[in-house]
Chemist: 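Below is the structure I would like to discuss, written out as structure tokens.
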Amino acid sequence: MLEDRTEQPHIVTCTAPVNIAVIKYWGKRNEDLILPINSSLSVTLHQDQLKTTTTVATSRSFQEDRIWLNGKEEDITHPRLQSCLREIRRLARKRRNDGDSGVDSASLSHKVHICSVNNFPTAAGLASSAAGFACLVYSLARVFGVEGELSGIARQGSGSACRSMYGGFVQWIMGNKEDGKDSLAQQVEPETHWPELRILVLVASTERKPVGSTSGMQTSVKTSCLLKHRAESVVPGRMVEMTEAIRKKDFTAFAELTMKDSNQFHATCLDTYPPIFYLNHVSQQIISLVHRYNKHCGETRVAYTFDAGPNAVIFTSQQHVPEFVHVVQHFFPPETNGADFIKGLPVNCASLSEELKQGIGLEPMPKGINYIISTKAGPGPHVVEDPTQHLLSSDGFPK
Ligand code: DP6
């Protein structure tokens, strides 16, 4: 006798990456559709080090849509989750009505169970909403059998999530339509384009949770005239320059523009009223360290960028990683001097000359940095084929 497969949930698991903006998104012109006041550009980080994994299951037997995040059931009625679910189902219905045979018609009326985890600690303060919403949208699309442009849906989960739908170097074109149909992400160059480029995430020790991006940027849009000037008169030119620097693999141009744009973003936070401070004394020390190191080397070897929190993301070239990591370790002596300080891609040993230490001339700040994640640019979301990796068991509940 054939088993009744209609009762078996249809299960799909996918992973999606984190991205770090080098031209920052800050400010919306439409809060519901999440439409930005300027375009932005980011580098997708490699999923071997930082990723979200999401399993989505659909079944006729499910009573309601449900979601579990990092082991805890969360409220599925959250408006941004609802936007993503609604838009994917709408797209699936439209495709089916247009005669697309790939769309799973049966599951269209079914409820979904969603389970999602990060491979990095939430406590590290790394933005996980971009990878989270990108993974949710990508997995939902797969379970319903829809393909094609999905960044416009991921955008409605979290603005920066649209850029996590692609690997490598990605721009989010702001668009100008009222309905947001032209506000989409697009790959500028693939992850294989610049193999020597390395990325170090310096996880700063911090006590308090900073103001969230959503509310922070709302206040900035209302009160900062510097933000208005930045969006209208600075970012358009920088998008062109940044794309060009990446295309030519011009590290100096890429690095300087990355640092300037991070600084301008934090300047708009200070220009917000009341002001928002995302950088702390550790972040400021990292900024000084990078500038002093570059000056000592007589060239721009390292760049920093900071999002809405004190962690630094460092860009450098593969050949300079060992020395710079040791510089960081010297000026931020960690609690444990062992291998635990560096996670991710292996870093070779290097010795520091007295001349370099003296040349930088900063007072060491013990325990300012908890650890470093060493990574590089990586690919966009993908399907996990191995069914043992599903986060939901065959009954559709978390394992
Ligand atoms: C500083 O995408 O988290 O990281 O759209 O409200 O969800 P919402 O905000 P979010 O903002 C990210 C801001 C940023 C800069 C960037 O990633 O471009």
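In this chain, numbering begins with 1 at the start of the sequence shown. For ligands, and for the atoms within them, numbers begin at 1 and follow the listed sequence. From a predicted model like this one, the values you see are computed outputs, not experimental measurements.
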Chemist: Need the ligand 1 atom indices (1-based, order shown) with element for anything under 4.0 Å from a heavy-atom of Met217.
Modeler: 9 (O), 11 (O)

Chemist: So is Gly159 polar-close to ligand 1, meaning N/O to N/O under 3.5 Å?
Modeler: yes

Chemist: Using a 4.0 Å cut-off to any heavy atom of Ser213, which atoms of ligand 1 qualify?
Modeler: 3 (O), 9 (O), 11 (O)

Chemist: Just heavy atoms, cut-off under 4.0 Å: does Ser160 contact ligand 1 by side chain, backbone, both, or neither?
Modeler: both

Chemist: Are any of the side-chain heavy atoms of Ser116 and Thr52 separated by less than 4.5 Å?
Modeler: yes

Chemist: Please could you name the atoms of ligand 1 that Phe265 approaches to less than 4.0 Å, counting only its heavy atoms?
Modeler: 1 (C)

Chemist: Is a side-chain N or O of Ser151 found less than 3.5 angstrom from the main chain of Leu184, in a donor-acceptor match?
Modeler: no

Chemist: Which ligand 1 atoms does Ile34 reach within 4.0 Å, using its non-hydrogen atoms?
Modeler: 5 (O)

Chemist: Is it true that Glu73 and Arg66 have a side-chain N and a carboxylate O under 4.0 angstrom from each other?
Modeler: yes

Chemist: Which of the listed options, Ala130, Gly216, Ser158, Ala21, holds the heavy atom that is closest to atom 7 (O) of ligand 1?
Modeler: Ser158

Chemist: Side chain, backbone, both or neither: which part of Arg155 has a heavy atom under 4.0 Å from ligand 1?
Modeler: neither

Chemist: Yes or no: does Trp172 have any heavy atom under 4.0 Å from an atom of ligand 1?
Modeler: no

Chemist: Are Met217 and Glu31 close enough that some pair of their side-chain heavy atoms sits under 4.5 Å apart?
Modeler: no

Chemist: What atoms of ligand 1 come within less than 4.0 Å of a heavy atom belonging to Arg80?
Modeler: 6 (O), 7 (O), 8 (P)

Chemist: Is there a chain of hydrophobic side chains (I, L, V, M, F, W, Y, each step under 4.5 Å between heavy atoms) that links Phe133 to Ile20?
Modeler: no

Chemist: Identify, by atom number and element, the atoms of ligand 1 in contact range of Lys28, meaning under 4.0 Å from any of its heavy atoms.
Modeler: 5 (O), 6 (O), 8 (P)

Chemist: Does any N/O atom on Thr214 come nearer than 3.5 Å to any N/O atom on ligand 1?
Modeler: yes

Chemist: Should Asp271 and Lys228 be marked as a salt bridge (Lys or Arg N to Asp or Glu O under 4.0 Å) after you check the CA-CA gap, both sets of side-chain angles, and the distance that decides it?
Modeler: CA-CA 11 Å; Asp271 190 49; Lys228 189 172 154 56; over 6 Å; no

Chemist: Quick one: do Asp100 and Lys94 make a salt bridge, cutoff under 4.0 Å?
Modeler: no

Chemist: Ignoring hydrogens, what is the shortest heavy-atom contact between Val103 and Ala92? Give both atom names and the distance.
Modeler: CG1-O, 3.5 Å

Chemist: Mind listing the closest non-hydrogen atom pair of Ile23 and Arg238 along with its distance?
Modeler: CD1-CB, 3.8 Å

Chemist: Of the side chain and backbone of Asn19, name the one, both, or neither that has a heavy atom under 4.0 Å from an atom of ligand 1.
Modeler: neither

Chemist: Just let me know how Ser40 lines up against ligand 1, side chain, backbone, both or neither, with a heavy-atom cut-off below 4.0 Å.
Modeler: neither

